[in-house]
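Chain identifiers are assigned alphabetically (A, B, ...) following the order of the sequence lines, protein sequences preceding nucleic acid strands; residue numbering begins at 1 within each chain.
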Amino acid sequence: MSSNLNGRLLEATCQTISEHADELTRLDQAIGDGDHGINMKRGFDALAAAAEELQQLDLPSALQKAGMLLVMNVGGASGPLYGSLLMAMGKAAVDTPSCVDDVVSMLRAGVDAVKARGKSDVGAKTMLDVLVPVLEAIEKNPASPCAAARQAADMGLEATRAMQATKGRASFLGERSIGHLDPGARSSALLVHAICNVLEDS
Amino acid sequence: MTDNVSIVIVSHSPKVAEGVADMVRQMVGDEVRIAFCGGNPDGGLGTNVGAIMAAIEEVYTPKGVAILVDLGGAETNSEMAREMLPAEMAANIVICNAPLVEGAIMASTEASCGADLETVRSTAEEFQA
Amino acid sequence: MSETVTGQVVINDPDGLHARPAVKLTKLAKSFCSDIAIKAGDDGEWINAKSLSAVMKLKARHGAILHVRATGEDARGGVDALIDLIKQNMG
């Protein structure tokens with residue numbers, strides 16, 4: 001196991017994407033083009049392959065480098081979306097976030113970048129339906145940010161089931177997209193859980 | 001060659017991208033430089049920011065580059081590719097909101113006659129109406 | 001000096017004025033500085049021959065009479081060139 005926090009976060013996020021790649025693909029087959037799992041795995045495999053280099057970098061540089069790797073390797077719309085999230089977080093990050101406010105401002109920059117990149121917002125059955133509630137939950141619960149983030153991620157994810165997609169491939173299905181979890185929201189929730197687990201252990 | 005706006009075709013499928021470029025060359029001619037790319041970094045269906053950047057650079061001219069895309073991810077990845085290029089290049093790159101095949105023919109026809117980038121884009125998008 | 005010249009030609013291509021010849025016709029029209037309009041049949045509406053979108057939507061069929069009208073310095077050359085192109089069966 002890696003000793004530093006960046007390394008452990010990287011390891012945990014890569015592992016959860018790898019373990020759930022098939023599930024993400026199944027979700028995407030229902031309402032998208034069925035490549036979310038394999039695309040995300042390709043992106044996070046590239047991060048794992050660059051682990052040694054990423055661990056040497058400070059947090060802002062590591063996030064920006066990781067974002068760039070996702071952009072160049074994912075091969076679907078989720079590449080620029082997750083890539084923009086990480087690159088914007090990296091630009092807004094301080095070297096060693098010391099309080100919840102640091103995390104909130106970093107995450108807010110990332111979420112804003114996803115909204116801009118996807119020309120979307122909450123309610124469109126996307127990863128934003130997890131990320132935005134998670135951001136708000138952390139902001140409102142500085143005493144127990146991880147527990148709040150996990151719960152918000154789960155509720156946000158579940159809420160996508162009843163939504164009709166208005167963005168991406170799923171939007172072609174119109175009402176038929178209702179009743180399925182959004183694969184991007186699922187991958188975001190997985191990442192939130194993995195990150196919270198590491199942060200609570202540290 | 002006179003300096004005309006260049007065209008970049010971005011599809012999820014390398015075969016579709018190549019086929020559209022072939023149609024443009026046959027229907028419009030070779031006064032317009034055209035580059036194409038398709039497929040994800042593994043060669044499967046998808047799009048690839050690095051390949052899109054390379055395609056843009058292959059035919060880049062300060063006169064402008066008009067990109068035609070097929071589905072959602074192709075547009076998002078093309079926007080990303082444009083932003084990752086130097087700002088002075090990005091300013092001369094547009095992504096057309098038009099159907100891929102029809103838009104490529106319309107844009108190329110307009111470009112082959114020396115039109116500026118904004119005219120090329122609006123001609124491609126005209127087909128929507 | 002600006003003049004208006006008109007002409008007409010029968011479309012011989014069995015497929016009519018389909019997409020590929022529409023591109024050729026539009027490109028040719030754009031090479032003249034005159035305003036050039038075409039219409040299909042006597043009752044058709046004049047459309048801008050330099051707009052590919054309009055030319056494609058014209059859907060002029062085999063056997064239809066294509067009218068060409070140009071206004072400007074090179075109007076005569078424009079009308080003749082377009083009629084020649086149609087006569088050559090769109091090449």
Name every donor-acceptor pair, under 3.5 Å, that has one atom in a side chain of residues 88-95 of chain B and the other anywhere in the protein, sequence neighbours excluded.
from: B:N92; atom 1: ND2; to: B:Y60; atom 2: OH; distance (Å): 2.8
from: B:N92; atom 1: ND2; to: B:E88; atom 2: O; distance (Å): 3.3

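Side-chain contact check for A:M72 versus B:M80: every heavy-atom pair is 4.5 Å or farther apart.
Enclosure of atom CD1 in A:I38 is not indicated, since only 12 or fewer non-hydrogen atoms of other residues, nucleotides or ligands lie within 6.0 angstrom. Around atom CE of B:M27, more than 12 heavy atoms belonging to other residues, nucleotides or ligands sit under 6.0 Å away.
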Donor-acceptor table for chain B and chain A, threshold 3.5 Å:
from: B:D42; atom 1: OD2; to: A:R42; atom 2: NE; distance (Å): 2.8
from: B:T47; atom 1: N; to: A:G75; atom 2: O; distance (Å): 3.1
from: B:N77; atom 1: ND2; to: A:G76; atom 2: O; distance (Å): 3.3
from: B:E79; atom 1: OE1; to: A:K119; atom 2: NZ; distance (Å): 3.2
from: B:E79; atom 1: OE2; to: A:K119; atom 2: NZ; distance (Å): 2.6
from: B:E83; atom 1: OE1; to: A:R117; atom 2: NH2; distance (Å): 2.6
from: B:E83; atom 1: OE2; to: A:R117; atom 2: NH1; distance (Å): 3.1
from: B:E83; atom 1: OE2; to: A:R117; atom 2: NH2; distance (Å): 3.4

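B:P41 approaches A:G75 most closely through the heavy-atom pair CD-CA, 3.7 Å. In plain terms, the two heavy atoms of A:A77 and B:G73 that are nearest each other are CB-CA, 3.7 Å.
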